[in-house]
Amino acid sequence: MPAACDSVLEDIEDIVSAEDLKPHDRQFVRKNVYPKVRKRNSQKSNQTDDDPPSDSIIPGAQKIWIRTWGCSHNNSDGEYMAGQLAAYGYKITDNSAEADLWLLNSCTVKNPAEDHFRNSIRKAQEGKKKVVLAGCVPQAQPRQDYLKGLSIIGVYRVVEVVEETIKGHSVRLLGQKKDNGKRLGGARLDLPKIRKNPLIEIISINTGCLNACTYCKTKHARGDLASYPVEELVDRAKQSFQEGVCEIWLTSEDTGAYGRDIGTDLPTLLWKLVEAIPEGAMLRLGMTNPPYILEHLEEMAKILNHPRVYAFLHIPVQSASDSVLMDMKREYCVADFKQVVDFLKEKVPGITIATDIICGFPGETDEDFQETMKLVEQYRFPSLFINQFYPRPGTPAAKMHQVPAAVKKQRTKDLSQLFHSYNPYDHKVGEKQRVLVTEESFDSNYYVAHNPFYEQVLVPKDPLLMGKMVEVNIYEAGKHFMKGQPVSDARIYTASITRPLAKGEVSGLTEVSKR
């Protein structure tokens with residue numbers, strides 16, 4: 001393997017230096033390069049027999065297709081990877097067929113997600129594509145048979161791995177960045193990125209978590225809690241608004257645990273971020289587990305009442321049975337969850353509480369499941385993520401006595417039927433709501449907006465509305481959405497300090513070019 005792969009590199013940003021070529025210089029330099037062909041080492045290569053010799057390939061000229069599975073944290077990782085590669089001259093394409101290399105960014109939460117990941121690897125190999133594997137699956141289990149001979153990165157460190165893979169080498173760069181033995185967060189927050197939606201910035205406030213849930217594979221990949229400093233997160237938010245962003249999502253494996261490793265906490269961060277949000281822009285909080293939010297209920301209620309923060313919180317309960325929660329090692333009881341929800345519903349009128357439930361966790365009895373059904377009936381969550389339990393290899397739950405597959409399937413069906421038996425938005429027809437428009441609907445017939453409670457509102461496809469905050473009259477409601485018509489004389493707020501970046505445009509590129 002070339003010396004570039006043998007040198008010590010702590011993270012993806014470490015390959016950027018003052019001596020590096022600027023991105024716009026790379027095309028000129030390629031015209032003046034005369035490749036020297038050298039016989040490649042077949043043991044280190046994952047090329048096919050039809051591939052040219054490795055040293056005749058000039059990295060930076062190829063097209064790369066990126067596919068990401070999983071949570072918003074994973075999507076943020078994918079955006080950083082795309083930005084790094086684009087800054088070094090690679091073309092990021094939406095067309096997988098024309099791509100020279102597939103970068104597959106995986107999720108390890110559920111078996112189906114890993115199955116899709118595995119199938120995509122096979123499809124890439126059948127199409128004779130170069131492949132780089134990223135994300136939580138290779139980070140958690142890099143020695144799985146179907147990963148053998150393929151280039152692997154964990155959560156970050158992408159550019160040098162892609163370059164060596166383009167040359168035909170198999171490279172593995174895993175591990176986590178540390179400073180004097182203390183684990184740090186992920187990549188620098190000021191690195192280039194390509195946002196899937198130029199109007200939405202996804203900011204990971206910490207990586208890892210403090211829990212040890214018996215069913216969770218993500219902990220194996222992300223590790224223990226590592227929080228970013230408050231000032232770095234605020235700077236990232238400010239930079240995003242300078243690039244035309246109008247909505248920020250805070251994400252992590254557990255936002256409620258933020259700062260416990262660096263002597264601060266989530267409310268402290270949120271109050272600093274709120275100061276940086278311009279009029280017409282919004283902040284959405286990510287998932288938090290009940291134990292950590294319990295400590296900050298009063299402050300969190302004040303923050304969630306702020307006009308530039310969505311009155312929305314995702315609090316996974318997973319089960320309404322204390323015995324099941326104990327087996328899961330969730331570190332709270334159902335009463336704790338109810339205390340959080342009841343307090344926030346009282347102090348933040350209209351708040352949207354989203355939650356997760358696992359059906360058929362090992363040892364779950366019919367009585368346990370009925371407790372969960374009662375909880376859903378009581379609170380009628382407008383947003384409910386129902387998951388049939390899948391044992392993840394290497395987790396304690398995989399070794400427990402399993403609930404029969406037919407029972408798990410039936411419980412999942414029963415809970416789904418209960419969820420679809422009520423319509424949470426019917427009573428809102430006729431209301432006037434303020435909404436922020438950020439994207440296009442899947443069927444391309446509407447623009448998608450969200451009201452102050454992060455409830456989805458479909459509005460007409462008027463290009464003047466995109467990225468704007470506007471008042472609408474609600475005239476129709478469905479299970480997962482409302483439809484709104486803009487009020488004729490309504491004031492339209494523009495959050496953007498500058499024009500939004502074009503789709504596929506790299507954020508922070510000039511900053512990196514100066515280094």
Side-chain angles (χ1 to χ4, degrees), residues 109-110 209-219 225 253-257 260 266 286-298 300-301 313-347 351-392 395-419 421-422:
V109 171
K110 303 178 189 176
C209 69
L210 293 173
N211 298 334
C213 301
T214 55
Y215 56 83
C216 183
K217 192 76 175 175
T218 307
K219 178 70 176 244
L225 181 69
E253 282 65 57
D254 188 350
T255 58
R260 294 169 72 96
L266 183 61
M287 185 272 289
T288 176
N289 284 311
Y292 306 114
I293 206 71
L294 267 170
E295 301 176 21
H296 308 297
L297 279 180
E298 290 281 355
M300 289 302 299
L313 205 55
H314 178 194
I315 314 170
V317 65
Q318 304 300 7
S319 173
S321 163
D322 285 342
S323 63
V324 172
L325 291 175
M326 186 176 297
D327 289 340
M328 291 179 173
K329 288 194 175 179
R330 290 291 288 168
E331 299 185 11
Y332 60 86
C333 60
V334 178
D336 295 330
F337 174 81
K338 289 183 176 181
Q339 180 184 348
V340 171
V341 175
D342 292 344
F343 182 90
L344 291 177
K345 280 182 170 290
E346 177 187 351
K347 300 295 184 181
I351 187 173
T352 296
I353 300 293
T355 195
D356 301 358
I357 288 174
I358 296 174
C359 295
F361 186 81
E364 182 186 64
T365 65
D366 288 338
E367 292 76 17
D368 294 328
F369 178 68
Q370 287 307 312
E371 290 299 314
T372 299
M373 293 282 282
K374 290 176 185 175
L375 184 79
V376 174
E377 181 64 53
Q378 176 183 352
Y379 288 99
R380 293 185 165 239
F381 303 102
S383 182
L384 178 62
F385 302 95
I386 302 170
N387 302 292
Q388 181 175 318
F389 175 75
Y390 289 97
R392 302 297 289 128
T395 61
K399 301 175 182 178
M400 297 178 182
H401 181 68
Q402 303 296 307
V403 173
V407 175
K408 290 193 292 186
K409 186 175 182 179
Q410 185 61 49
R411 289 176 184 172
T412 304
K413 181 179 178 181
D414 291 346
L415 186 57
S416 297
Q417 287 178 341
L418 172 58
F419 174 60
S421 69
Y422 57 87

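Computed from a predicted model, the values in this text were never measured in an experiment.
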Query raised in the report: Where do V407 and F369 land on the side chain to side chain contact (heavy atoms under 4.5 Å, CB included) test, with the steps shown first?
Result: CA-CA 11 Å; V407 175; F369 178 68; over 6 Å; no

Query - Evaluation steps, side chain to side chain contact (heavy atoms under 4.5 Å, CB included), between R380 and E377 - result: CA-CA 5 Å; R380 293 185 165 239; E377 181 64 53; 3.0 Å; yes

Requested in this report: Look at the aromatic rings of F381 and Y379 and report parallel, tilted or perpendicular, splitting at 30° and 60°.
Outcome: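 F381 vs Y379 ring planes: parallel.
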
Query raised in the report: Hey, what's the ring geometry for F385 with H314, parallel, tilted or perpendicular (30° and 60° as the breaks)?
Result: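 The rings of F385 and H314 sit tilted, inter-plane angle from 30° to 60°.
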
Please round to the nearest 0.5 Å and tell me the distance separating atom [atom1] of [X] and atom [atom2] of [Y].
{"X": "R260", "Y": "L225", "atom1": "CZ", "atom2": "CG", "result": "8.5 Å"}
{"X": "L344", "Y": "Q339", "atom1": "CG", "atom2": "CD", "result": "10.0 Å"}
{"X": "M373", "Y": "Q417", "atom1": "CE", "atom2": "CD", "result": "8.0 Å"}
{"X": "E253", "Y": "C216", "atom1": "CD", "atom2": "SG", "result": "8.0 Å"}
{"X": "K345", "Y": "T352", "atom1": "NZ", "atom2": "OG1", "result": "8.0 Å"}
{"X": "M328", "Y": "I358", "atom1": "CE", "atom2": "CD1", "result": "4.0 Å"}

Any idea which heavy atoms bring [X] and [Y] closest together, and the distance?
{"X": "Y332", "Y": "P316", "result": "OH-O, 3.2 Å"}
{"X": "C359", "Y": "L415", "result": "SG-CD2, 3.7 Å"}
{"X": "Q388", "Y": "T412", "result": "CB-OG1, 3.5 Å"}
{"X": "V334", "Y": "A320", "result": "CG2-O, 3.0 Å"}
{"X": "T255", "Y": "G286", "result": "OG1-O, 3.4 Å"}
{"X": "L297", "Y": "F343", "result": "O-CE2, 3.5 Å"}

Do [X] and [Y] have side-chain heavy atoms sitting under 4.5 Å apart?
{"X": "P362", "Y": "Q402", "answer": "yes"}
{"X": "L325", "Y": "F337", "answer": "no"}
{"X": "D254", "Y": "Y292", "answer": "yes"}

Is it the case that [X] and [Y] place a side-chain donor and acceptor less than 3.5 Å from each other?
{"X": "D366", "Y": "Q370", "answer": "no"}
{"X": "S323", "Y": "S321", "answer": "yes"}
{"X": "Y215", "Y": "D327", "answer": "no"}

Query raised in the report: Counting N and O atoms only, with roles assigned by atom type, does the side chain of T355 sit under 3.5 Å from a partner on the main chain of I315, one being a donor and the other an acceptor?
Result: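 Between the backbone of I315 and the side chain of T355 there is a qualifying donor-acceptor contact (under 3.5 Å).
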
**Report entry** Any donor-acceptor pair under 3.5 Å from D368 side chain to T365 backbone
**Finding:**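 Yes, D368 side chain to T365 backbone: donor-acceptor pair under 3.5 Å.
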
Query raised in the report: Thinking salt bridges, do E371 and K374 make one under a 4.0 Å N-O criterion?
Result: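 Counted as a salt bridge, because a side-chain N and a carboxylate O are separated by less than 4.0 Å.
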
Query raised in the report: Which one of N211, N289, T214 satisfies the side-chain hydrogen bond (donor to acceptor under 3.5 Å, both in side chains) criterion with R330?
Result: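 Option passing the side-chain hydrogen bond (donor to acceptor under 3.5 Å, both in side chains) with R330: N289.
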
Report task. Please report the C-alpha distance between R411 and V403 in whole Å, then the side-chain angles of each, then the deciding distance to 0.1 Å, and finally whether the side chain to side chain contact (heavy atoms under 4.5 Å, CB included) criterion is met. Result -> CA-CA 11 Å; R411 289 176 184 172; V403 173; 4.0 Å; yes

